[in-house]
Structures are given as structure tokens and as C-alpha cells.
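Beneath this line is the structure, given in C-alpha cells, with notes to follow.
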There are 2 protein chains.
Amino acid sequence: MKSKGIFDDPYRRGRLLSADCPSRQILRHVTSRWGLLVLIVLRTGTHRFSALRDQIEGVSERMLAQTLQALESDGFVSRVSLPVVPPHVEYSLTPLGEEICDRVEGLADWIETNLPRLLQAQRQAAE
Amino acid sequence: MKSKGIFDDPYRRGRLLSADCPSRQILRHVTSRWGLLVLIVLRTGTHRFSALRDQIEGVSERMLAQTLQALESDGFVSRVSLPVVPPHVEYSLTPLGEEICDRVEGLADWIETNLPRLLQAQRQAAE
DNA sequence: CGGAATCCAAGATGATACTG
DNA sequence: CAGTATCATCTTGGATTCCG
């Protein structure tokens, strides 16, 4: 009888090129249109819902709520609801969220810093 | 008469939190569902269209072509079409593409490596 | 204040068929 | 082989309204 140890699990480490790799879902959450921006803002500390909405220009309340839920369900964001009226809810990064935010911010910072080069490359590629 | 120097351009460096920052578009291209995977595969060397399609499980030819065009127009991917029949087209990373791929792969690798932790965090967050 | 619910517009994606 | 064209579908996103 063959034993089925943990080493038989093909996803002990992710394989992004496989269609059914769970990494793809997580990746889509953190690289989603608003997910990445939420992480970046939360990296600067705890924020309330309205503060996030105001800092992330262009996000709707609907998408912000949806994005926060996805990040929370992945364990990247912690949600603390204070039982007061009017409601007061605070969002912050979990330790896991801080770790992934390092990588996310590395990407975002590189683009922001190199934007002049990037815009020039776009013009050149358009020729 | 006021001179309009390059320092007047608010986007000499990007500001991702601004709705109209060009960085957002570039970011969406490289973090798109297939864009990220294309970059990762091209990091291993030059590939033909069909090779990319085969390696990136689940991508359709339509989306692959569209993704490659976006990355090419941003200056991340170089497209070389050999004038033979049947057609032979080779894709590779530009120097700019390699630079950004460092960051993209950093993120992807972290997720793949930490997938076990991530899946456990998901279960815990679901409680 | 922080959402949830609903409806609708816009965009992303896919299957298929077709072409140089 | 490497796409493009077309159509159908699914997802994303936004505006509005309502609620505890």
C-alpha cells in the first residue's frame, strides 16, 4: 500500500505555469487593479476605509470593499471593526501582507522611478 | 514669459496614487493575467509564439497575441519576424524587460515558494 | 461611517473560423 | 506558423440607493 505523504502534493511549491496552480489566484488578488494600491497605502500604517478611498484616487467604494475582502481572505490584510456608532473600521497589513508588500512595492517603485525611461521606450516602440 | 522646463512635469517620477499617472497603465500591462507569465517565460530566453502558448497553460492565442503586443508597445518585449514561410516569429525581453522582470519574478517566486504558508493563512482567515 | 444590494456599462476572455 | 476577425460570455467596474 502506497503512503501518500506531503511530498506527493504537486503544490507544496507553486507552479504558476500550471493552469490550476493556486498561486495564480493569489497573484491575481495582489496584482489586481486596486489590490496593489491598497497594499502600498497600508504599508504606511493602519488606515480606515474612508482614508483608503481618499488616498487611492479613482477607486469606488464598491471595488475598495471588494478588494479589501479578497486581501483579507488571503490573509494579507487585517480588519478590525470597533463596535461604535458611527462605525469605525481599521485596516492594516498582517505580517504576511508586509512580506508580499515588499515585492509588490519593489515593482511599483521601479516603475515610478523609471517612468521617464519607460515613456521614452514607449515612444520608441511606437515607431 | 515663463519657461516650461522638464521639472514642471509632475510625472518625471510616477505617482501611482494619482488617477491619471501613466505608471498605472504600465503596471496593469505587466501585472495582467498573462503579461506576468509571459515575462517570466521570456526570462528563460527567446521563444516562438507557439512555444509561449504551450508553456503558459490556459492562455488562448488571442490573449497571448494581445498581451505580447502590449508588452512590445511598452518596450519590454522585442518581436523579430523572419520573412520565411511558414512564418517564424521570435519574442525576447529587451533590456528594459529584463529589469522589470526582476521585480515581477521576485513577486511570483515569493508566492510560489510560500504557497504552503499562504494556503494555510487562507484557511485561517476563513474561520 | 462602512458597507451591502442592485442595475448597468465597459472591458477582458474564450471558441471558432479564417488567412498570408 | 502566427496570427486576425467575429461573436458570445464572463468579469470588472461604477453609480446609485439603502441600511445598521
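Chain naming here is simple, since letters A, B, ... match the order of the sequence lines and numbering starts at 1 in each.
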Residue pairs fulfilling side-chain hydrogen bond (donor to acceptor under 3.5 Å, both in side chains) with at least one residue in residues 118-127 of chain A, sequence neighbours excluded: A:Q122-B:D74

Residue closer to the 5' end of DNA chain C, B:V59 versus A:Y91 (nearest nucleotide): A:Y91

With sequence neighbours left out, what residues match A:T113 under side chain to side chain contact (heavy atoms under 4.5 Å, CB included)? B:R13

Could you list the residues that satisfy side-chain hydrogen bond (donor to acceptor under 3.5 Å, both in side chains) with B:R53, not counting sequence neighbours? B:E61

Distance col, row A:R24:CZ vs A:S18:OG, nearest 0.5 angstrom, shows 7.5 Å

A:R117: which residues meet the side-chain hydrogen bond (donor to acceptor under 3.5 Å, both in side chains) condition with it, sequence neighbours left out? A:N114, B:E99

So do the side chains of A:L36 and A:V30 get within less than 4.5 Å of each other, counting heavy atoms only? no

May I ask you to list the residues of residues 26-53 of chain B, by number, that have any heavy atom positioned under 4.0 Å from an atom of DNA chain C? B:R33, B:W34

What pairs meet the salt bridge (Lys or Arg N to Asp or Glu O under 4.0 Å) rule with one or both residues in residues 41-51 of chain B, with sequence neighbours excluded? B:R43-B:D102, B:R43-B:E105

Under 4.0 Å between any heavy atoms, over every strand shown, what does A:Q66 touch: base, sugar-phosphate, or nothing? Just pick one. nothing

For the CD1 atom of A:I26 and the CD1 atom of A:I100, what is their distance to the nearest 0.5 Å? 7.5 Å

On DNA chain D, more 5' by nearest nucleotide between A:M63 and A:P86 is A:M63

Angle by which the axis turns from one end of the helix from C:dC1-D:dG20 to C:dG20-D:dC1 to the other, five pairs per end, to 10 degrees: 50°

Below 3.5 Å is the cut-off: list the nitrogen or oxygen pairs between protein and nucleotides 5-7 of chain D, distance only.
from	atom 1	to	atom 2	distance (Å)
D:dT6	O4	B:R62	NE	3.4

What is the first contacted nucleotide of DNA chain C and what is the last, in 5' to 3' order, if contact means an atom lying under 4.0 angstrom from a heavy atom of chain B? C:dT13 to C:dG20

So what does A:Q69 hit on the nucleic acid, given a heavy-atom distance under 4.0 Å: a base, only sugar-phosphate, or nothing? sugar-phosphate

Run the side chain to side chain contact (heavy atoms under 4.5 Å, CB included) test against B:V85 and tell me which residues pass, sequence neighbours left out. none

Test of understanding: with side chain to side chain contact (heavy atoms under 4.5 Å, CB included), list the residues that count as partners of B:P22, not counting sequence neighbours. A:L115, A:L119, B:Y11

Suppose we screen for side-chain hydrogen bond (donor to acceptor under 3.5 Å, both in side chains). Which residues come up paired with B:R79, at least two apart in sequence or across chains? B:Y91

Worked verdict on B:E90 versus B:H47 for side chain to side chain donor-acceptor pair (under 3.5 Å): CA-CA 6 Å; B:E90 296 190 332; B:H47 285 72; over 6 Å; no

Expressed in angstrom and rounded to an integer, what is the separation of A:E61 atom CD from D:dC19 atom P? 17 Å

Got a second to check how far B:L39's CG is from B:C101's SG, nearest 0.5 Å? 5.0 Å

